[in-house]
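The block underneath contains the structure these notes are about, expressed in structure tokens.
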Amino acid sequence: MKLRKVTAAAAAALVLSLTATACGGDDNDSDTGSGSGGGDKIKIGIKYDQPGLGLKKPDGSFSGFDVDVATYVAKELGYKPDQIEFVETKSADRENALARGDVKFIAATYSINDERKQKVDFAGPYLLAHQDLLVKTDSDIAKGTDLNGKNLCSVTGSTSAQNVKNDIAPKANLKEYSGYSECIAALQSGTVDAVTTDDSILAGFAAQSQYKGKFKLAGLKLSNENYGIGVKKGDTATVDKINKALEKMVSDGSWDKAVKDNFGPANYKNEPAPKIGDIVQ
Amino acid sequence: MFDFLSDYDNPTLLGAFWMTVKLTFFSGIGSLVWGTVLAAMRVSPVPLMRGFGTAYVNIVRNIPLTVIILFCSLGLADIFHVTLGASDFKIQGFRLAILGFTAYTAAFVCEAVRSGINTVPMGQAEAARAIGLNFTQTLRLIVLPQAFRAVIGPLANVLIALTKNTTVAAAIGVAEAAYLMKEMIENEAQTLLIGAVFAFGFVVLTLPTGLILGWLSKRLAVKR
């Protein structure tokens with residue numbers, strides 16, 4: 001009996017100390033993140049699982065267009081590359097991460113829309129993407145209605161999947177997985193004829209070395225996705241600074257270089273750099 | 001504030017929860033049958049069957065459910081073309097999900113039933129043998145009826161866990177509650193409110209299950 005009490009107390013103490021240290025760590029990090037100026041760190045939200053846009057590589061480094069944009073913007077805000085800390089912000093958590101101040105801004109295929117604008121402020125847009133199809137190189141799918149009766153894959157709950165169901169091809173046989181990697185696997189095994197989401201994301205996958213030459217983008221412009229940089233609601237000073245940084249990035253050619261570096265191998269025909277505040281409906 | 005609840009029609013909120021109920025119902029029946037068969041194997045006098053039952057339970061219950069469900073779709077359907085007679089991905093996903101949930105939950109049902117079998121006194125089985133019943137008859141007529149009445153409580157836990165586990169089916173595109181929740185969160189930017197609505201939905205489903213089966217387990221328990 002006594003032994004059991006001791007064990008329980010020890011377990012409770014262990015749990016408490018673990019949670020306490022976890023909280024402590026978070027607090028310290030966010031303190032340094034929210035403080036502005038010279039020697040502090042900046043926390044930026046990106047995605048970890050989208051090659052070409054935001055990808056965490058096995059060695060812990062990051063690559064992708066969103067990462068390049070975020071790094072450039074941070075540089076203009078006065079942070080060196082080693083002061084940047086990238087944080088994974090999944091789609092469902094983006095608004096809360098900004099509201100809580102976990103991240104200074106988010107560059108993570110964040111399409112500007114009216115619902116989101118009520119919760120966060122957007123700088124940009126910095127890229128205009130379109131919903132598109134990734135098909136095998138020898139595929140003959142040429143327009144959206146070709147999809148009716150075809151097998152198609154997208155990600156559960158994504159805007160792209162909803163567009164297909166409601167507008168583009170309601171008769172398409174839509175398979176939904178929780179991630180794009182599973183869809184690409186299904187495309188490779190021939191179970192589905194096409195994968196659909198933003199062309200920038202698809203180009204990132206098609207540009208990966210193991211898929212080079214196997215897939216192509218169909219080049220349909222099925223929707224307009226204006227990627228913006230999410231900032232905490234009301235923080236107009238930061239929005240202005242980021243907008244200036246984005247303008248500079250386009251004018252000095254870094255923007256074009258970033259697009260070429262990240263999407264080049266997929267023959268991605270990108271739109272010209274969008275003007276700040278110019279949202280294509 | 002709650003106007004988003006009526007904005008969705010593919011599936012609707014009720015439709016999504018109805019899919020959750022259907023998944024739970026069919027997987028529940030499937031795993032009860034398959035789990036009972038597994039339990040019978042684990043107590044049978046044939047070493048090969050005992051070995052199979054033990055191996056199955058220990059392997060399947062230690063694989064994460066997400067892996068099992070994803071394997072059903074990515075592995076069975078996409079690579080081995082086991083489509084369970086459906087070419088439409090919606091129906092295919094539904095059937096594959098039930099297959100996966102049944103395979104997984106049966107391992108837990110098996111262990112619950114086996115614990116019930118252990119509550120039946122040895123004398124019962126010995127008496128059954130003495131009047132000339134064989135193994136199947138002993139199990140079917142004497143042991144299992146008593147065992148089941150002892151394990152209604154534990155089986156209720158398994159059923160409640162199964163209800164919540166069906167959310168994993170969203171990973172292969174089955175339009176149940178978690179699927180609709182993902183869709184809503186993608187569009188509405190109201191994570192907390194939407195999360196609360198769906199959490200409440202699951203409480204509505206599982207709380208009565210627990211109360212009714214808890215009451216039944218008290219009523220039907222074999223008093224020894």
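Order of the sequence lines sets the chain letters (A, B, ...), proteins ahead of strands, with each chain counted from 1.
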Residues A/S178, B/K182; criterion side-chain contact (heavy atoms from CB on, under 4.5 Å); working and verdict: CA-CA 10 Å; A/S178 53; B/K182 280 189 185 182; 4.1 Å; yes

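- Remark: side-chain polar atoms of B/D78 are not paired, donor with acceptor, to backbone N or O of A/A186 under 3.5 angstrom.
- Without hydrogens or angle criteria, A/S189 side chain to B/I79 main chain gives no donor-acceptor distance under 3.5 Å.
- Neither the backbone nor the side chain of B/T66 comes within less than 4.5 Å of any heavy atom in chain A.
- When every heavy atom of B/L74 is checked against every heavy atom of A/Y177, the shortest pair comes out as N-OH, 3.4 Å.
- Rounding to the nearest 0.5 angstrom, the gap separating the CG atom in B/L192 from the CG atom in A/N96 is 5.5 Å.
- Around atom NZ of A/K90, no more than 12 heavy atoms belonging to other residues, nucleotides or ligands sit under 6.0 Å away.
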side-chain hydrogen bond (donor to acceptor under 3.5 Å, both in side chains) assessment of A/T159 paired with B/E186: CA-CA 7 Å; A/T159 324; B/E186 172 89 8; 2.9 Å; yes

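- A salt bridge is defined here as a Lys NZ or Arg NE, NH1 or NH2 lying under 4.0 Å from an Asp or Glu carboxylate O, and A/E176 with B/K90 meets this definition.
- Heavy atoms of B/I185 lying under 4.5 Å from chain A belong exclusively to its side chain.
- A 4.5 Å side-chain heavy-atom check between A/V192 and B/F89 finds at least one atom pair inside the cut-off.
- The distance from atom CD1 of B/I91 to atom CG of A/N173, rounded to the nearest 0.5 Å, is 9.0 Å.
- Heavy-atom pairs under 4.5 Å with chain B were tallied for A/A161, A/A185, A/S158, A/G179; the largest tally goes to A/S158.
- Residues B/Q92 and A/K175 have side chains in contact (heavy-atom distance under 4.5 Å, counting atoms from C-beta outward).
- Atom CD of A/E182 is separated from atom CG of B/L70 by 5.5 Å, given to the nearest 0.5 angstrom.
- Heavy atoms closer than 4.5 Å to chain B are found in both the backbone and the side chain of A/N151.
- Of all the listed residues (B/A171, B/A178, B/A170), the one sharing the greatest number of non-hydrogen pairs under 4.5 Å with chain A is B/A171.
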